[in-house]
*Asks:* 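Handing you a structure now.
Small disclaimer: the values here were computed from a predicted structure and weren't measured.
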Amino acid sequence: MRKILIVGAGQSGLQLALGLQSQGYEITLMSNRTADEIRSGRVMSTQCMFHTALQHERDLQLGFWESQAPRIEGVGMSVAAPDSSRAVDWVGKLDGYAQSVDQRVKMAGWMETFAQRGGQLVIHGAAVSDLDFFSRTYDLVLVSAGKGELVSMFGRDASRSPYDAPQRALAVAYVHGLGPRPEHPEFDAVRCNLVPGVGELFVMPTFTTSGRADILFWEGIPGGPLDAFQGIKDPAEHLALTLELMERFTPWEYARATKVELTDANGTLSGRYAPTVRNPIGRLPGGGLVLGVADVVVANDPITGQGSNSASKCAASYLDSIVSHGDQPFDEAWMRSAFDRYWDTARHVTKWTNAMLAAPPEHVLQLIGAAGQLPRVADRFVNGFDDPSDLENFFYDPEKTHAFLAEAAGAAS
């Protein structure tokens with residue numbers, strides 16, 4: 001039986017651990033926190049998982065909260081005009097529904113499942129020196145802990161990382177009490193509100209430790225009016241600032257939020273990081289090699305909502321690469337090929353995310369505007385959240401965009 005060590009118990013590390021466990025591998029999972037500490041801790045992300053990523057979970061019988069989490073059937077887009085009215089407002093329908101489950105709920109539950117199924121769970125914050133020792137006793141060591149000392153083993157790939165500084169300041173609040181959405185009360189959707197030159201507000205339904213809730217998520221251009229959360233430690237002050245900015249920049253969303261309250265004292269999060277692609281193989285002082293997983297090696301800004309989706313897709317890709325490799329050694333060539341296989345999916349996410357961080361070119365503005373009149377355009381755009389590779393066909397190149405818009409207009413007439 002092959003022995004594999006996975007360091008980090010997030011979406012990718014746990015999904016991969018549970019998948020390998022189901023295939024008969026002897027898995028050790030290292031986490032710096034217990035399941036109870038995760039469940040009672042601070043929110044970790046704004047996860048909205050689309051159909052393909054959810055299906056990876058279903059394939060492993062891990063969709064434990066699917067019946068409880070809200071079904072997200074669409075993605076809506078609004079663009080603020082200079083007078084804070086809405087210049088653009090539309091919603092596209094997803095082919096397969098999306099869902100958001102608070103990672104505190106999911107990671108704690110999955111960790112307990114892993115242990116119940118006989119996996120070895122080690123509660124310990126790993127250092128490079130620990131991995132130097134472990135690399136000699138395991139067939140493969142995977143690093144899926146995306147912060148801290150371990151990440152420094154994986155050098156930045158400058159050719160795939162156009163930004164060397166954070167492009168957004170991030171601020172999250174989980175809330176109860178958001179009013180019904182007047183535009184489409186019959187179904188749930190993620191709403192993306194673009195405030196040109198300022199940033200973005202995302203509003204999404206989620207399932208958290210206390211049941212159904214909503215996430216209010218500001219992405220602010222650094223140095224601008226939304227870049228105001230640094231140093232705020234008090235959750236109530238964080239929520240008050242979130243609402244104040246909504247009233248100023250997205251009054252149509254604020255109108256629903258006048259009675260919200262935080263889901264819990266740990267329901268806020270703020271920070272920033274530079275989107276970075278790293279070299280996938282880490283070299284240990286003793287000569288051993290480790291393979292980076294998900295956002296350890298491909299960390300995108302959350303503006304396109306791809307973090308947990310990419311983590312799920314990376315875990316599924318690595319699972320297949322490991323199982324299909326049989327008893328052969330997990331050497332450097334295999335590690336490179338496993339990452340390259342994942343990068344074939346991830347590159348589309350990175351390209352799209354980096355494009356969305358920049359000011360949109362004229363043809364993209366035309367695309368977003370046309371989606372308000374042409375449901376086919378709106379639907380295709382929002383299904384790009386599930387399959388970003390399709391954006392190559394209509395999003396980046398002005399000629400392809402105009403051809404698609406002409407085709408969609410012709411079909412609608």
*Asks:* Angle class for the Trp65/Trp110 ring planes (parallel below 30°, perpendicular above 60°, tilted otherwise)?
*Replies:* tilted

*Asks:* Enter the distance from Arg380:CZ to Leu374:CG here, rounded to the nearest 0.5 Å.
*Replies:* 13.0 Å

*Asks:* Between Thr268 and Arg42, is any side-chain donor less than 3.5 angstrom from a side-chain acceptor?
*Replies:*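 Yes, Arg42 and Thr268 have a side-chain donor paired with an acceptor closer than 3.5 Å.
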
*Asks:* I want to check a possible cation-pi pair here: Lys93 against Phe187, using under 6.0 Å from ring centre and within 45° of the ring axis as the test.
*Replies:* yes

*Asks:* State, without any angle test, whether Asn383 and Asp386 hold a side-chain donor-acceptor pair at a distance under 3.5 Å.
*Replies:*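 Checked: Asn383/Asp386 side chains show no N/O donor-acceptor pair below 3.5 Å.
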
*Asks:* What is the ring orientation for Phe381 with Phe395, classed by angle as parallel under 30°, tilted 30 to 60°, or perpendicular over 60°?
*Replies:*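 Correct class here is tilted.
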
*Asks:* Does His325 have any side-chain hydrogen bond (donor to acceptor under 3.5 Å, both in side chains) partners at least two apart in sequence or in another chain, and if so, which?
*Replies:* none

*Asks:* Quick one: CD on Gln167 to CE on Met356, what's the gap to the nearest 0.5 Å?
*Replies:* 14.0 Å

*Asks:* Thinking salt bridges, do Arg341 and Asp344 make one under a 4.0 Å N-O criterion?
*Replies:* no

*Asks:* Indicate yes or no: at least one non-hydrogen side-chain atom of Phe249 is less than 4.5 angstrom from one of Leu201.
*Replies:* no

*Asks:* What's the separation between atom CG in Leu289 and atom CZ in Phe330, rounded to the nearest 0.5 Å?
*Replies:* 13.5 Å

*Asks:* Could you tell me whether the side chain of His363 and the main chain of Tyr396 form a donor-acceptor pair under 3.5 Å?
*Replies:* yes

*Asks:* Could you tell me whether Arg278 sits above the aromatic face of Tyr342, with NZ or CZ closer than 6.0 angstrom to the six-membered ring centre and within 45 degrees of the axis?
*Replies:* no

*Asks:* Go through the steps to decide whether Arg156 and Asp164 satisfy the test side-chain contact (heavy atoms from CB on, under 4.5 Å), and finish with yes or no.
*Replies:* CA-CA 10 Å; Arg156 179 173 178 268; Asp164 57 8; 3.8 Å; yes

*Asks:* Any ion pair linking Glu332 and Arg283 (charged N to carboxylate O, less than 4.0 Å)?
*Replies:* yes

*Asks:* If we only count heavy atoms from C-beta on, is the Phe64 to Lys106 side-chain gap below 4.5 Å?
*Replies:* no

*Asks:* Does a side-chain heavy-atom distance below 4.5 Å link Ile215 with Val172?
*Replies:* yes

*Asks:* Out of curiosity, Asn309 CG to Cys314 SG, how far, rounded to the nearest 0.5 Å?
*Replies:* 12.5 Å

*Asks:* Donor-acceptor pair, distance only, cut-off 3.5 Å: does the side chain of Asp331 make one with the backbone of Trp334?
*Replies:* yes

*Asks:* I would like to know whether Leu5 and Ile27 meet side-chain contact (heavy atoms from CB on, under 4.5 Å); could you show each step before the answer?
*Replies:* CA-CA 6 Å; Leu5 171 66; Ile27 306 299; over 6 Å; no

*Asks:* Any chance you could lay out the side-chain contact (heavy atoms from CB on, under 4.5 Å) test for Ile232 and Leu241, step after step, and finish with the verdict?
*Replies:* CA-CA 10 Å; Ile232 293 181; Leu241 181 56; 3.5 Å; yes

*Asks:* Can you list everything that forms a ring-ring contact (aromatic ring centres under 6.0 Å, His included) with Phe404? Sequence neighbours excluded, please.
*Replies:* Phe394

*Asks:* Should Trp90 and Val382 be marked as a side-chain contact (heavy atoms from CB on, under 4.5 Å) after you check the CA-CA gap, both sets of side-chain angles, and the distance that decides it?
*Replies:* CA-CA 11 Å; Trp90 51 260; Val382 304; 3.7 Å; yes

*Asks:* Check whether the side chains of Thr304 and Thr353 place a donor and an acceptor atom closer than 3.5 Å, and report yes or no.
*Replies:* yes

*Asks:* Taking the basic N atoms (NZ, or NE/NH1/NH2) and the acidic carboxylate oxygens, is any pair closer than 4.0 Å for Glu253 and Arg181?
*Replies:*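 So Glu253 pairs with Arg181 through a salt bridge.
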
*Asks:* Is a side-chain donor-acceptor pair under 3.5 Å present for Gln11 with Glu57?
*Replies:* yes

*Asks:* Would you find a donor on one side and an acceptor on the other, under 3.5 Å apart, between the side chain of Tyr163 and the backbone of Asn354?
*Replies:*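 Side chain of Tyr163 to backbone of Asn354: a pair is present.
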
*Asks:* Is Ser317 reaching over with its side chain to a backbone N or O of Lys313, donor-acceptor style, under 3.5 angstrom?
*Replies:* no

*Asks:* Between Ser389 and Asp387, do the side chains contain a donor N or O and an acceptor N or O under 3.5 Å apart?
*Replies:* yes

*Asks:* So, Arg256 side chain and Pro182 main chain: donor-acceptor pair closer than 3.5 Å or not?
*Replies:* no

*Asks:* Is it true that Asp89 and Trp252 share a donor-acceptor pair across their side chains at a distance under 3.5 Å?
*Replies:* no

*Asks:* Thinking salt bridges, do Asp264 and Arg104 make one under a 4.0 Å N-O criterion?
*Replies:*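 Looking at Asp264 and Arg104, the cut-off is met.
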
*Asks:* If every non-hydrogen atom of Pro222 is compared with every non-hydrogen atom of Asp227, which pair is closest and at what distance?
*Replies:* CA-OD2, 3.5 Å

*Asks:* Quick one: do Arg39 and Asp102 make a salt bridge, cutoff under 4.0 Å?
*Replies:*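 Not counted as a salt bridge, because no side-chain N and carboxylate O are separated by less than 4.0 Å.
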
*Asks:* Could you go through Arg376 and Asp379, starting from their C-alpha distance and side-chain angles, then the distance that decides it, and tell me whether this counts as salt bridge (charged side-chain N to carboxylate O under 4.0 Å, His left out)?
*Replies:* CA-CA 5 Å; Arg376 187 176 166 205; Asp379 292 350; over 6 Å; no

*Asks:* Measure the CG-CG distance between Asp301 and Leu357 for me, rounded to the nearest 0.5 Å.
*Replies:* 4.5 Å

*Asks:* Check whether any side-chain N or O of Arg136 sits under 3.5 Å from a backbone N or O of Asp132 as a donor-acceptor pair, and report yes or no.
*Replies:*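 Side chain of Arg136 to backbone of Asp132: a pair is present.
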
*Asks:* Testing the basics here: between Thr137 and Lys3, what is the closest heavy-atom pair and its distance to 0.1 Å?
*Replies:* O-NZ, 3.7 Å

*Asks:* Do you know the tightest heavy-atom contact between Ala316 and Gln15?
*Replies:* N-NE2, 3.9 Å

*Asks:* Once ring-ring contact (aromatic ring centres under 6.0 Å, His included) is applied, do any residues pair with Tyr318, and if so which ones, sequence neighbours excluded?
*Replies:* none

*Asks:* Ion pair present between Glu200 and Arg191, side-chain N to carboxylate O less than 4.0 angstrom?
*Replies:*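 No, Glu200 and Arg191 are not salt-bridged.
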
*Asks:* Looking only at non-hydrogen atoms, find the nearest pair between Phe339 and Val297 and report the distance.
*Replies:* CE1-CG2, 3.8 Å

*Asks:* If we ignore hydrogens and angles and just use 3.5 Å, is the side chain of Asp83 paired with the main-chain N or O of Ser85 as donor and acceptor?
*Replies:*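 At least one qualifying donor-acceptor pair exists.
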
*Asks:* Okay, side chain of Ser12, backbone of Ala311: is any donor-acceptor separation there less than 3.5 Å?
*Replies:* no

*Asks:* Which heavy atom in Val128 sits nearest to a heavy atom in Pro285, and how many Å separate them?
*Replies:*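 Reported closest heavy-atom pair: CG1-CD, 3.7 Å.
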
*Asks:* Under a 4.5 Å cut-off applied to non-hydrogen side-chain atoms, are Asp327 and Arg2 in contact?
*Replies:* yes

*Asks:* Please round to the nearest 0.5 Å and tell me the distance separating atom CD of Gln55 and atom CZ of Phe50.
*Replies:*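 One finds 15.5 Å between CD of Gln55 and CZ of Phe50.
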
*Asks:* I want to check something: taking the side chain as every heavy atom from C-beta on, are Gln230 and Ser270 in contact at a cut-off of under 4.5 Å?
*Replies:* no

*Asks:* So, do Thr206 and Asp214 sit near enough that their side-chain heavy atoms are less than 4.5 Å apart?
*Replies:* no

*Asks:* Under 4.0 Å between a Lys/Arg side-chain N and an Asp/Glu carboxylate O for Glu66 and Arg71?
*Replies:* no

*Asks:* State whether a side-chain donor-acceptor pair under 3.5 Å links His176 with Ser210.
*Replies:*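 Yes, Ser210 and His176 have a side-chain donor paired with an acceptor closer than 3.5 Å.
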
*Asks:* Could you tell me whether a side-chain N or O of Ser100 sits under 3.5 Å from a main-chain N or O of Gln47, the two making a donor and an acceptor?
*Replies:* yes

*Asks:* Taking all heavy atoms of Phe154 and all of Leu291, pick out the closest pair and write down the distance.
*Replies:* CE2-C, 4.1 Å

*Asks:* Quick one: does Gln21's side chain have a donor or acceptor within less than 3.5 Å of a partner on Phe114's backbone?
*Replies:*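 A pair under 3.5 Å: yes.
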
*Asks:* Start with the C-alpha distance between Thr250 and Asn193, add both sets of side-chain angles, then the distance that settles side chain to side chain donor-acceptor pair (under 3.5 Å), and finish with yes or no.
*Replies:* CA-CA 7 Å; Thr250 58; Asn193 302 278; 5.7 Å; no

*Asks:* Tell me, do Ser84 and Arg248 make a side-chain contact under 4.5 Å, heavy atoms counted?
*Replies:*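 The answer is no, as the side chains (C-beta and beyond) never meet within the 4.5 Å cut-off.
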
*Asks:* Heavy-atom distance under 4.5 Å between the side chains of Tyr97 and Pro70, does that happen here?
*Replies:*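 No, too far: nothing below the 4.5 Å cut-off.
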
